[in-house]
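Residue numbers start at 1 and run along the sequence shown. What you see is a predicted model, and the numbers here were worked out from it, not measured in a lab.
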Amino acid sequence: MKGHKHTIYKTVYQYNQVPISVTDMERMLEIARDCREVKNYVYDRYSGIRSLPKIYPGYTVQNEMTKSGLRERLGLPSVYFYLSIFDALGDIKSQWVRTKGRVEKNIRNNPNLTAKDRHYLRFVMKQSKCFEAVLAGGADPVEGEPDLPAEWRERYTAVCAEVDTHRLNQYLRRQVRRQLDRPHTEVADGFPVSPKGYRYADHGIYLSMKESRKRLFVPLTDNNQYTTQIYIRLCPEEGNITINIPIEVKQRHPAGYGGEIGLAMGLKCMFVTDKGASYGEKYLEYQAALTDYVREKLPRHQRNAKNNPGMKKYNAGKARLEKAMHDYVNLEVNRMLETEKPGVIYLPKLPAKSKAGFNRRVNATVNMWQRGFIKSRLLQKCRERSIELTEVFGKGISTQCSRCDADGEKKEDMFRCPVCGLELPERQNTAGNVLKRGRAQREEKEKCSL
């Protein structure tokens, strides 16, 4: 479903009212295991280079999977079978995006490539038919040019004129083979359900099972009813399920929100504004507690501990710590937005994580820093409040003076400028630069739009 201009999607949850029997839980676990088998079948068959033309938009895969006989062998209802196929295709598409990103990074950092070489490789990766033809070995002079639309064929001929396409095509194939990972999953803790696979009634939900014309009734803690695709998360140890429902809601336009702020994002403190206000000062305590738990409590031989009670205990403890940290993140993001009431937030693009120069404990903490989760929660809550969140170029942003733009020095969490004499906490100075760059970026876009 496509959202409207002033709506967003958020996930709501429903829970079972009474514990689910072992027999009924096993019936749902069987569906989850079958969905896992379908996904792994799609991964194995369609995540390779030769199958790249088939995954967009995916109906070829759907038709081939229908003819494969897998659904009949498993006895899996179509409401689960086809959703599992398209879930797997989504994972494969995401893997290709990550693969292209890594290949583009290697192209950018390869000193043996000329500017024209890079231009050719980027052109090939941008045009899907050209990219597919090169990977399939069909874009070499001996094998013929790829089948391109007329408007792309002229541009392709132009970029090929001054480069060794055979050498570059071989380089691109090697890079893709090295970077492409085939997805696979061992997880069978839930399954998606289309609207045809369930119905609400009798203060609960009826779910389609593998038995023909039989549905499993689960009493729920609320009477809310939905008509969208849902996801059933299974917790067999507790006899519980969680139903995840994506819903479309209208954006709020709370009164009093306006103006612009710059944010510096860090591990010691989640956010510092350009005015020096701090939010999430205790985040490092939560992150360190999780890191120490993982380092100290992870059972040995964990790869072979699929049903090991020690592994289950470890996962439960880790989940509790992660939940506590996520609750704290949500609390502090809300507190920051309700206090600052911004209309626009500028956030720097963060560099890759670095572990150089620290001890193992600090390295592990940095490596497990869930900045992606923090950013996603900030983005979601900004959308809910109609706040614009904009990323700005972050290179050198912490060493530049926010007053005069000169290079300064950082020492003991303080920034000092030798030119204008500015002295500020390091994070506040960074946030000031974020705000300046964000405003400049906005002005540039406005000029270009005129």
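- Looking only at atom types and distance, the side chain of Ser84 has no donor-acceptor partner in the side chain of Asp87 under 3.5 Å away.
- Arg45 and Tyr41 share a side-chain donor-acceptor pair at under 3.5 Å.
- For the residue pair Asp91/Tyr43, the side-chain donor-acceptor check at 3.5 Å is satisfied.
- At a threshold of 4.0 Å, the pair Glu104-Arg122 does not count as salt-bridged, since none of the basic side-chain nitrogens sits closer than that to a carboxylate oxygen.
- Using a 4.0 Å cut-off between a side-chain N of Lys or Arg and a carboxylate O of Asp or Glu, Arg416 and Glu409 do not qualify as a salt bridge.
- A distance of 14.0 Å separates CG in Asp222 from OH in Tyr13, rounded to the nearest 0.5 Å.
- Counted by atom type alone, Arg167 and Gln170 present zero donor-acceptor pairs between their side chains at under 3.5 Å.
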Would Gln441 and Phe393 count as a side chain to side chain contact (heavy atoms under 4.5 Å, CB included) if you check the C-alpha gap in whole Å, the side-chain angles of each, and the deciding distance to 0.1 Å?
CA-CA 9 Å; Gln441 182 174 300; Phe393 183 62; 5.6 Å; no
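- No donor-acceptor contact under 3.5 angstrom links the side chains of Arg174 and Asn169, judged on distance only.
- A salt bridge (Lys or Arg N to Asp or Glu O under 4.0 Å) with Glu281 holds for exactly one of Lys268, Arg335, Arg427; it is Arg335.
- Side chains of Asn429 and Ser402: a donor-acceptor N/O pair is present below 3.5 angstrom, by distance only.
- Note that NZ of Lys39 is 13.5 Å distant from CG of Asp34, once rounded to the nearest 0.5 Å.
- A side-chain hydrogen bond (donor to acceptor under 3.5 Å, both in side chains) with Tyr346 holds for exactly one of Arg439, Lys436, Arg442, Glu388; it is Arg442.
- Two residues are said to be in side-chain contact when any heavy atoms from C-beta on lie closer than 4.5 Å; Lys381 and Asn334 meet this criterion.
- The distance between the ring centers of Phe271 and Tyr279 does not fall below 6.0 angstrom.
- Annotation: Lys375, atom NZ; neighbour count of heavy atoms from other residues, nucleotides and ligands within 6.0 Å does not exceed 12.
- Note on ring orientation: taking the six-membered ring where Trp is involved, the planes of Phe191 and Tyr80 are perpendicular (angle over 60°, cut-offs 30° and 60°).
- Of the options Arg36, Arg233, Arg33, a salt bridge (Lys or Arg N to Asp or Glu O under 4.0 Å) to Asp189 is made by Arg233 and by none of the others.
- The distance from atom CZ of Arg177 to atom CG of Leu172, rounded to the nearest 0.5 Å, is 10.0 Å.
- For the residue pair Asp407/Gln400, the side-chain donor-acceptor check at 3.5 Å is not satisfied.
- Distance check: Tyr46 OH to Leu89 CG gives 8.5 Å after rounding to the nearest 0.5 Å.
- Donor-acceptor pairing under 3.5 Å is lacking for the side chains of Tyr171 and Asn106.
- Side-chain contact of Lys410 with Thr399: a donor-acceptor pair under 3.5 Å is absent, judged by distance alone.
- In this structure, Leu263 and Pro348 approach most closely via the heavy-atom pair O-CD, 3.1 Å.
- Of the inter-residue distances, the one linking Leu347 atom CG with Ile345 atom CD1 reads 8.0 Å to the nearest 0.5 angstrom.
- If you take NE2 on His119 and CG on Leu113, they are separated by 14.0 Å, rounding to the nearest 0.5 Å.
- Atom NZ of Lys10 has 12 or fewer neighbouring heavy atoms from other residues, nucleotides or ligands inside a 6.0 Å radius.
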